[in-house]
Amino acid sequence: MGFNLALSSPSGAGKTTITKKLSQKYPNIKVSISHTTRKPRSNEIDGVDYYFVSKNDFEDLITKNHFYEHAQIFDNYYGTSKEFVKKLHEKKFDVVFDIDWQGTKKLSSYKELNLIKIFILPPNKDELKKRLINRNQDNLKIVEKRLMQYESDIQHWFDYDYIVINNDLESCFGQIEKIIKNHKKEKMSFI
Ligand code: 5GP
């Protein structure tokens, strides 16, 4: 198995962009596609960004032990599918999880995943507000809700191995690449 990387951040800090950039630049890195009960945004595609399912179907999957972890975030369920991730591992892919702090905590209890945990932070709250408004995906009420969530999300930084500030996308991305490369090197030295 390669590596498993959890990338978390308060909503709007750039994590989804970075996750996608990683999988585009490195063919061996795949993103774990989560299930969610959230409604798709206008630019999202079922089976690409998420598996969009009903609340009933999600609850049914919980009872069938389908998830490594699941959490309720902003009134919706999100969950990491065991089956999906295991298939990626069978094909020897490295896996990136774009999940929140609850999911990261749960996932790191699976020791065999040997999870690397990175927390991405925006430079400050004002900048985060600007980014949330500019990305124009959610209405203002949802933006306010996400900003309120920011304060409680950042309390969980200490559960992570690395904190990276997303002041500038390219340099943030470069730091994450460096972390991954160092982990790969460390692994090689044990072989
Ligand atoms: P969004 O609705 O903006 O796509 O995601 C909201 C939050 O849910 C983000 O912090 C995202 O990382 C997190 N998330 C997405 N998928 C999962 C998952 O499978 N499990 C958990 N715990 N969080 C997830």
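Order of listing sets the numbers, starting from 1, for every ligand and every atom in it.
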(request) Find all atoms of ligand 1 within a distance of less than 4.0 Å from any non-hydrogen atom belonging to G79, and give their numbers and elements. (result) 18 (C), 19 (O)
(message) Rounded at 0.5 Å granularity, tell me how far NZ in K106 sits from CG in D100.
(response) 13.0 Å
(request) Report the part of Y50 (side chain from C-beta onward, or backbone N, CA, C, O) that has a heavy atom under 4.0 Å from ligand 1; answer both or neither where that applies. (result) side chain
(request) Check ligand 1 against G103 and write out every atom of the ligand that is under 4.0 Å from a heavy-atom position of the residue. (result) 22 (N)
(request) Using a strict cut-off of 4.0 Å, indicate which atoms of ligand 1 neighbour a heavy atom of K15. (result) 9 (C), 10 (O), 11 (C), 12 (O)
(request) Please write down residue, atom name and distance for the protein heavy atom closest to atom 22 (N) of ligand 1. (result) D100 OD1, 2.7 Å
(request) Before giving the answer on ring pair (Phe, Tyr, Trp, His ring centres under 6.0 Å), spell out for F58 and F67 the whole-Å C-alpha distance, their side-chain angles and the decisive distance to 0.1 Å. (result) CA-CA 10 Å; F58 196 101; F67 298 115; 4.6 Å; yes
(request) Measure the distances from the heavy atoms of H35 to every atom of ligand 1 and state whether one is below 4.0 angstrom. (result) no
(message) Closer than 4.0 Å to some heavy atom of A71 - which atoms of ligand 1 meet that?
(response) 22 (N)
(message) Which residue in the set K55, E59, H35 passes side-chain hydrogen bond (donor to acceptor under 3.5 Å, both in side chains) when paired with Y77?
(response) E59
(message) Quick check on contacts: which atoms of ligand 1 are under 4.0 angstrom from a heavy atom of R41?
(response) 1 (P), 2 (O), 3 (O), 4 (O)
(message) Please work out, at 4.0 Å between heavy atoms, whether the side chain, the backbone, both, or neither of H70 comes within that distance of ligand 1.
(response) neither
(request) Tell me which protein heavy atom sits closest to atom 6 (C) of ligand 1, plus the residue, atom name and distance to 0.1 Å. (result) Y78 OH, 3.6 Å
(request) Establish, for the pair K117 and Y160, whether the NZ or CZ atom is under 6.0 angstrom from the six-membered ring centre and no further than 45 degrees off its axis. (result) no
(request) Taking the six-membered ring for Trp and the full ring for Phe, Tyr or His, determine whether the centres of F119 and Y162 are under 6.0 Å apart. (result) no
(message) Once rounded to the nearest 0.5 Å, what's the spacing between atom NZ of K181 and atom CD1 of I176?
(response) 12.5 Å
(request) Under 4.0 Å, heavy atoms only, figure out whether ligand 1 is touched by the backbone of K106, its side chain, both or neither. (result) neither
(request) Step through it carefully: locate the ring centre of H183, locate the ring centre of F3, and say whether they are under 6.0 Å apart. (result) no
(message) Among all the protein's non-hydrogen atoms, which is closest to atom 14 (N) of ligand 1, and how far away is it?
(response) D98 O, 3.6 Å
(request) Using a strict cut-off of 4.0 Å, indicate which atoms of ligand 1 neighbour a heavy atom of I73. (result) 8 (O), 13 (C), 23 (N)
(request) Kindly indicate whether a cation-pi arrangement holds for R38 with Y78, taking the cut-offs as under 6.0 Å to the six-membered ring centre and within 45° of the axis. (result) no
(request) Using the rule that two of Ile, Leu, Val, Met, Phe, Trp, Tyr join whenever any of their side-chain heavy atoms come within less than 4.5 Å, decide whether I99 and F74 are in one cluster. (result) no
(request) Could you tell me whether the side chain of L5 reaches within less than 4.5 Å of the side chain of V95, counting heavy atoms only? (result) no
(request) Given salt bridge (Lys or Arg N to Asp or Glu O under 4.0 Å), test K141 with E144 step by step and report yes or no. (result) CA-CA 5 Å; K141 222 166 140 192; E144 285 305 326; over 6 Å; no
(message) Below 4.0 Å, non-hydrogen atoms only: which portion of Q149 touches ligand 1? Side chain, backbone, both or neither.
(response) neither
(request) Please identify which atoms of ligand 1 are closer than 4.0 Å to at least one heavy atom of I99. (result) 12 (O), 14 (N), 17 (C), 18 (C), 19 (O), 20 (N), 21 (C), 23 (N), 24 (C)
(request) Compute the shortest N/O to N/O distance between E44 and ligand 1 and return yes if it is under 3.5 Å, no if not. (result) no
(request) Quick one: look at K105 and ligand 1, take heavy-atom pairs under 4.0 Å, and tell me if it's side chain, backbone, both or neither. (result) neither
(message) Heavy-atom count check: over 12 atoms from other residues, nucleotides or ligands less than 6.0 Å from K82 NZ?
(response) yes
(request) Determine, considering heavy atoms only, which of R146, E69, Q102, Q72 sits nearest to atom 21 (C) of ligand 1. (result) E69
(request) Mark up the atoms of ligand 1 that fall under 4.0 Å of a heavy atom belonging to R38, in ascending order. (result) 1 (P), 2 (O), 4 (O)
(message) Return the closest protein heavy atom for atom 19 (O) of ligand 1 as residue, atom name and distance.
(response) S34 OG, 2.7 Å
